[in-house]
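Here's the structure, in structure tokens; my notes come after.
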Amino acid sequence: MLAIEGLTVRFGGLTALEDVSLHAAEGEVLGLIGPNGSGKTTLINALTGIYPATGRVRFREVDLLGLPPERIVRLGLVRTFQNLRVFRRMTVLDNVLAAQNGMPDMRFADLVGGRRRDAERRERARGLVERVGLGGDADRLAGELPLASQRRLELARALVRDPALLLLDEPSGGMTPAETRGMTELIAALACPGRTVIVVEHKMALITGLCTRLAVLNFGRPIAIGEPAEVLRRPEVVEAYLGTESYR
Ligand SMILES: Nc1ncnc2c1ncn2[C@@H]1O[C@H](COP(=O)(O)OP(=O)(O)OP(=O)(O)O)[C@@H](O)[C@H]1O
Ligand SMILES: [Mg+2]
């Protein structure tokens, strides 16, 4: 589904990603780990057209590099953010409705479609809110919810596009172990046949409970890829994490 070949991203003199090659199959949950600053978020930004990159990225036979971000979203690549991006002063339901704005089927039809269409949108948004476990919070302000719920809301906003490739940047960041388990289960439920998930995460509990394969970045280069438990035992991976707090 996704084939990354020789992907390189530079910021002036700094090479954030260097010659990264990586594949993801249909329906796979691929974990991506690496020390702070190793290029994980940069990889997501390059795939989604936010950062210019060189190399080649093919997604279902389409070359992604150079396409504008909005085109890439429409092809079915959708990401969430390491630093939450929900509208804190809007309700949970309105956050999801806002994510629906600007979708291709919403434009002209929306202006003339009237109430029936509006009701359909709300119903769909409510369904997504329930799907991420926030049914009871639909009418609360997003900013009043605990962080774990806000991360769930971000997922609901991403699901609006029914993504074929979901890119999650530290979806359990700031969560307690119990909340992390809940998020792991939710992501597992979202990874259905036909949808691939790439998840950037530091927490090993989430990685090992969820991922079919694990890729490790260090200084912008992939240093290992394979079955998670096996990859985590490799000396070069252990060494890359040595002395960092993140490895647990
Ligand atoms: N827009 C940018 N301009 C300049 N340098 C950047 C930019 N974005 C990222 N970098 C640099 O690229 C490198 C990789 O950063 P990136 O955010 O991808 O790391 P990361 O693996 O996501 O780290 P973390 O675990 O802390 O989230 C870092 O050295 C970072 O400072
Ligand atoms: Mg990051």
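All figures in this text were calculated on a predicted structure; none of them were measured in a lab. Atoms within each ligand, like the ligands themselves, are counted from 1 in listed order.
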Please answer whether the main-chain N or O of [Y] pairs with a side-chain N or O of [X] as donor and acceptor at a distance below 3.5 Å.
X    : Y    : answer
K40  : G34  : yes
E227 : R213 : no
R124 : V160 : yes
R195 : P163 : yes

If you count the atoms of ligand 1 from 1 in the order shown, which ones are under 4.0 Å from a heavy atom of A16?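 That gives atoms 12 (O), 13 (C) of ligand 1.
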
Subset of ligand 1 atoms that lie under 4.0 Å from at least one heavy atom of E170: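 Those of ligand 1 that fall under 4.0 Å from E170 are 25 (O), 27 (O).
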
Look at ligand 1 and say whether S38 reaches it with a heavy atom at a distance under 4.0 Å.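 Heavy atoms of S38 do come under 4.0 Å of ligand 1.
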
I need the R60 CZ to L75 CG distance, nearest 0.5 Å.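 That separation rounds to 9.5 Å.
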
What's the spacing between D94 CG and F87 CZ if we round to 0.5 Å?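 Atom-to-atom, D94:CG and F87:CZ are 10.5 Å apart.
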
Closest protein heavy atom (residue, atom, distance) for [atom]:
atom                    : answer
atom 25 (O) of ligand 1 : K40 NZ, 2.7 Å
atom 27 (O) of ligand 1 : Q82 NE2, 2.8 Å
atom 28 (C) of ligand 1 : G37 O, 3.8 Å
atom 3 (N) of ligand 1  : F11 CD2, 3.5 Å
atom 17 (O) of ligand 1 : T41 CB, 3.8 Å
atom 29 (O) of ligand 1 : L14 CD2, 3.7 Å
atom 8 (N) of ligand 1  : Y51 OH, 3.1 Å

4.5 Å side-chain heavy-atom contact, V199 and L30: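 No. Closest side-chain heavy atoms not under 4.5 Å.
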
Judging by distance only, is a nitrogen or oxygen of G39 under 3.5 angstrom from one on ligand 1?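 Yes, at least one N or O pair falls under 3.5 Å.
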
Scan the side chains in residues 170-178 for donor-acceptor partners under 3.5 Å anywhere in the protein, sequence neighbours excluded, and list what turns up.
{"residue": "E170", "atom": "OE2", "partner": "Q82", "partner atom": "NE2", "Å": "3.3"}
{"residue": "E170", "atom": "OE2", "partner": "H202", "partner atom": "NE2", "Å": "3.4"}
{"residue": "S172", "atom": "OG", "partner": "E201", "partner atom": "OE1", "Å": "3.4"}
{"residue": "S172", "atom": "OG", "partner": "E201", "partner atom": "OE2", "Å": "3.0"}
{"residue": "S172", "atom": "OG", "partner": "K203", "partner atom": "NZ", "Å": "3.3"}
{"residue": "T176", "atom": "OG1", "partner": "E179", "partner atom": "N", "Å": "3.1"}
{"residue": "T176", "atom": "OG1", "partner": "E179", "partner atom": "OE1", "Å": "3.4"}

Shortest heavy-atom approach to atom 24 (P) of ligand 1 - which of T42, N36, N218: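 Answer by nearest heavy atom: N36.
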
Rounded to 10°, how big is the angle at the Mg ion (ligand 2) from T41 OG1 to Q82 OE1?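 Value, to the nearest 10 degrees: 80°.
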
Protein heavy atoms: any of them under 4.0 Å from atom 5 (N) of ligand 1?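 Yes, there is a protein heavy atom closer to it than 4.0 Å.
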
Do D169 and T41 have side-chain N/O donor and acceptor atoms under 3.5 Å apart?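 Judged by distance alone, the side chains do pair up.
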
